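Quick note: numbers below take in every heavy atom, side chains included, and nothing from hydrogens, waters or symmetry partners. All values derive from a computational prediction rather than experimental measurement. Each chain gets a letter, A, B and so on, in the order the sequences are listed, and its residues count up from 1.
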Number of protein chains: 2
Amino acid sequence: MSQTTVSRALNGFPEVSEKTRQVVLEAAAKHNYKPNTRARRLATGKSMTIGHLVSVSKEYELVNPIFADFIAGASARYAQSGYDLLLSLVPDEDEFTSYKELAARSAVDGVVVHAPRVDEQRIAQLNSLNLPFVVHGRSSNALEKYNWVDVNNERSFFRATQLLIELGHTSIGLINGVAGVDFAVRRTQGYLRALKEHNIEPTDAHVTHSEMTEPNGYKNALALLDLRNPPTALIASSIIMANGIRRALDDRDLKLGRDVSVITHDDDLSYFRDAAAVPVYTATRSSVREAGRLSADLLLKTIVNPGRDPEGILLDAELILGSSTKPPPTR
Amino acid sequence: MSQTTVSRALNGFPEVSEKTRQVVLEAAAKHNYKPNTRARRLATGKSMTIGHLVSVSKEYELVNPIFADFIAGASARYAQSGYDLLLSLVPDEDEFTSYKELAARSAVDGVVVHAPRVDEQRIAQLNSLNLPFVVHGRSSNALEKYNWVDVNNERSFFRATQLLIELGHTSIGLINGVAGVDFAVRRTQGYLRALKEHNIEPTDAHVTHSEMTEPNGYKNALALLDLRNPPTALIASSIIMANGIRRALDDRDLKLGRDVSVITHDDDLSYFRDAAAVPVYTATRSSVREAGRLSADLLLKTIVNPGRDPEGILLDAELILGSSTKPPPTR
DNA sequence: AACAAAATCCAAAGCGCTTTGAAGAATTTA
DNA sequence: TAAATTCTTCAAAGCGCTTTGGATTTTGTT
């Protein structure tokens with residue numbers, strides 16, 4: 001039997017009879033034969049690989065656990081379509097170099113861009129490379145069209161802030177992610193809009209920016225709690241920071257919910273799933289794993305159909321009522 | 001100039017003069033030429049790719065944030081040697097199928113095995129596939145030799161337990177990882193050995209096993225605290241569980257350190273780095289990122305030199321004194 | 001100047017598949 | 001039954017590199 005027939009049988013071409021195909025499939029199964037990936041990729045001209053470049057700040061070498069869940073969602077989708085996932089952690093200063101290199105040696109068919117900034121250069125750069133991509137998040141100042149999957153950060157933080165105000169809080173802290181990263185900016189916008197609509201004067205000292213680690217949640221919460229006029233409620237950008245906030249409250253002998261209300265954004269991380277009947281934290285919740293799945297889906301669609309118009313998918317975070325929010329204590 | 005010369009110039013063969021090499025390198029740089037990955041891999045017969053298969057329990061779809069840091073360490077090492085990292089999350093029931101598939105289609109030159117069990121079948125299976133691999137952790141009952149990188153779990157949990165006993169604790173709970181996973185077993189062994197050496201009768205109810213999530217830390221801590229004769233000290237297998245334990249203490253109006261002492265294993269995760277002058281938690285600390293780096297190094301060595309004897313690298317976790325351990329409260 | 005040795009370069013084969021274009025076998029139509 | 005049509009199969013080319021073995025040029029030796 002010729003190579004051609006085997007190849008066609010395995011790849012599902014109609015030119016081969018069902019009987020022949022069965023024979024081939026059985027033989028392949030028997031010898032555990034799988035077409036050699038390398039040869040196949042060269043012959044088809046496809047890499048069948050998606051690149052995820054995660055930028056790591058050289059200084060701190062932080063790797064956000066969020067990636068683990070995002071990638072879990074994406075990975076499942078890739079596997080479905082026979083794509084491999086290439087993961088690369090690169091120093092943040094030369095992320096574009098890495099994209100360029102991947103493109104030049106044609107190692108991937110597409111890439112996912114993480115944590116875009118308000119002014120994100122990678123979008124224009126990737127468009128110029130002609131490498132299909134999808135952004136997890138958006139870039140407010142981007143001029144070109146691009147594929148993205150994002151949650152409605154502005155609106156959900158608006159709602160969170162509003163909820164606290166309606167409970168009676170007038171002094172609310174925001175423990176946000178790194179300044180300049182798009183989602184953090186939008187969250188601040190939502191927070192400020194809610195304050196404004198209720199005629200509450202924002203206080204600069206009430207907003208902090210940092211990587212969303214547990215120690216930073218602790219540190220920033222302490223800073224806010226130690227103000228002469230401390231906020232009675234805090235909004236956190238990540239459940240990991242919320243863990244740090246709890247520790248800070250502990251240190252100051254304050255009780256979460258009773259003394260200080262907290263709302264956190266909850267990415268529904270698998271190792272921090274707040275699944276109690278009454279959730280621990282009142283939260284704006286949106287599964288980052290689902291975002292990963294959708295991003296992967298969008299990217300694969302774009303790869304298969306290069307002419308496709310870029311698309312944006314906006315997920316709505318739910319505002320979930322937990323037990324970490326109460327009216328402010330009366331004094 | 002011939003293809004051969006260019007190829008040799010780029011790949012650093014001595015047959016080409018330094019002058020010619022410079023000309024080639026400049027031309028390549030100018031046109032951003034990089035040899036096509038696919039063609040190169042077919043020609044050389046190498047995949048230049050390392051596979052990381054992370055098994056995901058189908059039921060819960062948990063992805064341990066530890067992987068993020070482990071992979072960060074490994075990734076840096078791979079990049080150094082021009083290897084790509086292929087990440088695949090697979091349902092745990094058919095992890096071997098995935099290895100077999102990767103080997104059959106020769107998509108990777110080697111793999112890393114995560115979270116081995118006491119009885120780990122994958123080791124024999126991979127040896128039979130003749131696919132280079134290194135295990136992160138060990139498998140107590142494995143008969144064959146294999147490459148591994150592990151921390152001294154037995155000894156560090158022995159020391160942690162001993163420290164608590166020396167402080168005066170006689171009732172100590174252990175909030176461990178999933179039963180049957182090798183590191184968890186060794187940790188229990190260390191814990192039991194310390195109890196025994198101090199003539200303390202172990203209590204079955206004092207040891208819990210589960211995935212090392214925050215909610216499980218909370219749940220298991222509550223279960224222990226609510227015993228009629230609750231332990232005065234807890235040992236946790238992960239800093240993420242320690243966060244859950246803190247929450248449980250909070251719920252019971254107990255103060256960490258004062259009312260209940262806690263020692264946790266600390267993988268030095270970048271988003272949970274306990275870097276205060278006096279650490280928050282007394283901990284057995286060992287950087288999982290460093291383990292990743294070492295695993296990658298060992299694997300690459302094995303790939304380059306297939307005849308190499310399997311090697312084991314044992315890291316020693318430091319016992320770091322923090323502020324979460326005190327003598328038991330007197331009543 | 002003549003020859004040997006070393007340095008440098010090149011043409012062609014081959015990596016293991018997919019895909020094209022054409023041939024052969026089976027079926028249908030006139 | 002012969003021709004037309006469809007179904008099934010196959011030989012060979014090509015994907016973009018690396019590597020082999022030989023040809024050519026340069027350098028060194030007597």
Side-chain angles (χ1 to χ4, degrees), chain A residues 1-49 81-84 86 100-109 129-131 303-304 306, chain B residues 1-49 81-84 86 100-109 129-131 303-304 306:
Chain A
M1 189 169 293
S2 82
Q3 240 190 61
T4 313
T5 308
V6 173
S7 174
R8 285 188 166 150
L10 291 176
N11 293 316
F13 282 73
E15 290 93 335
V16 78
S17 75
E18 208 40 56
K19 206 178 62 196
T20 318
R21 188 189 310 280
Q22 285 312 322
V23 173
V24 171
L25 286 177
E26 269 166 39
K30 187 170 155 204
H31 300 93
N32 193 29
Y33 170 83
K34 296 275 190 325
N36 182 296
T37 301
R38 298 189 288 257
R40 173 189 256 251
R41 286 177 183 177
L42 178 58
T44 58
K46 298 179 198 166
S47 294
M48 296 306 283
T49 300
S81 300
Y83 279 77
D84 287 336
L86 165 64
K100 227 164 47 185
E101 193 226 310
L102 283 182
R105 66 186 176 98
S106 41
V108 296
D109 296 327
L129 281 181
N130 226 9
L131 183 65
I303 289 169
V304 170
Chain B
M1 188 169 293
S2 84
Q3 239 190 62
T4 312
T5 308
V6 173
S7 174
R8 286 187 166 153
L10 291 176
N11 292 318
F13 282 73
E15 292 93 337
V16 77
S17 75
E18 209 41 56
K19 206 178 63 196
T20 319
R21 190 191 308 280
Q22 285 312 321
V23 174
V24 171
L25 284 178
E26 270 167 38
K30 187 171 155 202
H31 300 93
N32 192 30
Y33 170 83
K34 296 274 189 326
N36 182 296
T37 301
R38 298 188 289 258
R40 172 187 257 253
R41 287 177 182 177
L42 178 56
T44 58
K46 298 179 196 164
S47 294
M48 296 306 284
T49 301
S81 300
Y83 279 76
D84 287 336
L86 165 65
K100 227 164 47 186
E101 195 227 308
L102 282 182
R105 63 184 176 98
S106 40
V108 297
D109 295 327
L129 280 182
N130 223 9
L131 183 63
I303 289 171
V304 170

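Considering only side-chain N and O atoms, B/R38 lies nowhere under 4.0 angstrom from the phosphate OP1 or OP2 of D/dG16. In this structure, B/Y33 does not reach the D/dG16 phosphate: none of its side-chain N or O atoms is under 4.0 Å from OP1 or OP2. Here A/N11 reaches the OP1 or OP2 of C/dT18: one of its side-chain N or O atoms lies under 4.0 Å away. Listed pair A/T20 / D/dT9 meets the phosphate criterion, a side-chain N or O lying under 4.0 Å from OP1 or OP2. Neither OP1 nor OP2 of D/dC17 sits under 4.0 Å from any side-chain N or O of B/S7.
In this structure, the CG atom of B/N36 is 12 Å from the P atom of D/dC15, given to the nearest Å. The interatomic distance linking B/M48 (CE) with C/dC15 (C1') rounds to 16 Å, in whole Å. Across the protein-nucleic acid pair, B/Q3 atom CD and C/dA13 atom C1' stand 12 Å apart, rounded to whole Å. When rounded to the nearest whole Å, the span between NZ of A/K34 and P of C/dT18 equals 14 Å. In this structure, B/E18 places its CD atom 11 Å from P of C/dC9, rounding to the nearest Å. Protein atom CG of A/L42 is 9 Å distant from nucleotide atom C1' of C/dG16, rounded to whole Å. The nearest whole Å value for the distance from the NZ atom in B/K46 to the C1' atom in C/dG14 is 17 Å. Counting to the nearest Å, the P atom of D/dT8 and the NZ atom of A/K19 are 9 Å from each other.
A side-chain donor-acceptor contact under 3.5 Å links B/D109 to the backbone of B/S47. Here the side chain of A/R41 pairs no donor or acceptor atom with the backbone of B/L42 at under 3.5 angstrom. Put simply, the side chain of A/T44 gets close to the backbone of A/R40: a donor and an acceptor are under 3.5 Å apart.
Closest approach to the A/R40 side chain among C/dC10, C/dT18, C/dT19 is made by C/dT18 (side chain taken as heavy atoms from C-beta onward).
Between the base of D/dT19 and the side chain of B/T44 there is no donor-acceptor pair shorter than 3.5 Å. Remark: the B/T4 side chain and the D/dT19 base include a donor-acceptor N/O pair separated by less than 3.5 Å.
A/S106 and B/N36 share a donor-acceptor pair across their side chains, judged by distance under 3.5 Å alone.
Within the 4.0 angstrom heavy-atom criterion, no nucleotide atom of any strand lies near A/R41.
Using a 4.0 Å cut-off between charged side-chain N and carboxylate O, B/K30 and B/E26 make no salt bridge.
The residue among A/R8 and B/V16 whose nearest nucleotide of DNA chain C lies closer to the 5′ end is B/V16. For the pair B/F13 and B/A39, both in contact range of DNA chain D, the more 5′-proximal nearest nucleotide belongs to B/A39.
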